[in-house]
Number of protein chains: 2
Amino acid sequence: MKQQKSEELESIKLAIREAGLRATPARIATLKLLYGATSPLTHSEVADELQDLGVDKATVFRNLNDMATAGLLRRTELGDRVWRFELVSKGGEHGSAHPHFVCVDCGTVSCMDEIKLTAGSMRLSQEFGEITEILLRGHCNDCG
Amino acid sequence: MKQQKSEELESIKLAIREAGLRATPARIATLKLLYGATSPLTHSEVADELQDLGVDKATVFRNLNDMATAGLLRRTELGDRVWRFELVSKGGEHGSAHPHFVCVDCGTVSCMDEIKLTAGSMRLSQEFGEITEILLRGHCNDCG
DNA sequence: TCCCTATTGCAATAGAGTTGCATTTGCGTA
DNA sequence: TACGCAAATGCAACTCTATTGCAATAGGGA
Ligand SMILES: [Mn+2]
Ligand SMILES: [Mn+2]
Ligand SMILES: [Zn+2]
Ligand SMILES: [Zn+2]
């Protein structure tokens, strides 16, 4: 058990270093947090969690942005003027880019897999450019 | 010609009043501006234009929001933390809700018609809720 | 034309994120 | 293992977009 945690810690440290960054406590805690998340987290969600560790919000911002630039995280804005970050893990379920659904009522964010445009739409979209991200908004089932 | 403009003016005033709002110079100018636009305009784009008329930016914000609430405009956030507004004209080409494409490089916004999800995706999306808006992001053809 | 209330201008305020700078610390190297 | 320096951090000030309070102004129905 303890051995497990130690291994996890080491693998997180390694990932950070392989991205060209230093494995600081704040960064390790951030990745641990995102590792256990089922949807992208906002800066304030991460900052709240790391406050116990005495990490400043500016540091959280810088780390999230730096790790996104380094390719460890993916950063998106889902229409509510707040940045959200999620893990870019090769093996993970949400490793690669995928559509998101945002409830315009309660703000809940869901990661969607398997959502695609029609072949015709794909063709038409080339007229505009190369699509890299799909965002769907609407009313979630809880909000009716 | 002059008669034409007068008729347009009257129809704009009428539309504002039918929405339950007063037809003020600032609102009329805003609608005229949006009437001639081919993509949604930001608050600052509208505010810059109305500055010549001596309209305050707070007034522009209030009018855009109020007219959106009243159903004359549609308000959206396309991922760059700026509100954009477009006309909700029954007859107009972009009258009803439609997908938008945003270039993550240059910020250009395009209104897309005819872009749809696959039937399978529509079915899967019901698991999350009712989709009311589709936003696509990527690299426009100008930006490569 | 009059009156009431919606609307406006102006300034202060809010929220999310960014930045400058002095201090601390990870980690490659000796 | 100890050292040195660039990277990272804490803290405060600042930017940008948008919102709000309040007194003055002006639509438009009666
Ligand atoms: Mn996701
Ligand atoms: Mn549009
Ligand atoms: Zn909801
Ligand atoms: Zn572009």
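These values consider heavy atoms only, across backbone and side chains, with no hydrogens, waters or symmetry-generated copies. Keep in mind the model is a prediction, meaning the values are calculated, not measured. In what follows, chains carry the letters A, B, and so on, assigned in the order in which the sequence lines appear, proteins first and then strands, with residues in each chain numbered from 1.
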Between the base of C:dG26 and the side chain of A:R27, is there any donor-acceptor pair under 3.5 Å?
no

Rounded distance (Å) that lies between atom C1' of D:dG21 and atom CG of B:D56:
14 Å

When rounded to whole Å, the CG to P distance for the pair B:L21 and D:dA26 reads 19 Å

Ionic contact status for B:K116 with B:E114, cut-off 4.0 Å:
yes

Integer-rounded Å distance: D:dC11 P and A:Q51 CD:
11 Å

N/O donor-acceptor pair under 3.5 Å between B:T132 side chain and A:R137 backbone
yes

Looking only at N and O atoms, is any donor in the side chain of A:R75 or the base of C:dG17 less than 3.5 Å from an acceptor on the other one?
no

Tell me: CD of A:E77 to C1' of D:dT17, nearest whole Å?
12 Å

Send over the distance from B:N65 CG to C:dT7 P, rounded to a whole Å.
13 Å

Euclidean distance, atom CD of residue B:E45 to atom P of D:dA18 [Å, nearest integer]
11 Å

Does the C:dG17 base have a donor-acceptor partner in the side chain of A:R84 within less than 3.5 Å?
no

Please check: side-chain N/O of A:T42 versus main-chain N/O of A:V82, any donor-acceptor pairing under 3.5 Å?
no

CD1/A:I28 to CZ/A:R22 distance, rounded to the nearest 0.5 angstrom?
13.5 Å

For A:A58, which contact category applies under a 4.0 Å heavy-atom criterion: base, sugar-phosphate, or nothing?
base

Rounded to whole Å, please give me the gap between NZ in B:K57 and C1' in D:dA18.
7 Å

Evaluate the side-chain proximity of B:R75 to B:E86: yes if any heavy-atom separation is below 4.5 Å, no if none is.
no

If I take atom CG in residue A:D66 and atom P in nucleotide D:dA8, what distance separates them, rounded to the nearest angstrom?
7 Å

Has the side chain of B:R62 got a donor or acceptor atom sitting under 3.5 Å from an opposite partner on the base of C:dG9?
yes

Of A:D80 and B:T24, whose closest DNA chain C nucleotide lies nearer the 5' terminus?
B:T24

Can you find a donor-acceptor pair, distance only, under 3.5 Å between A:R22 side chain and D:dA6 base?
yes

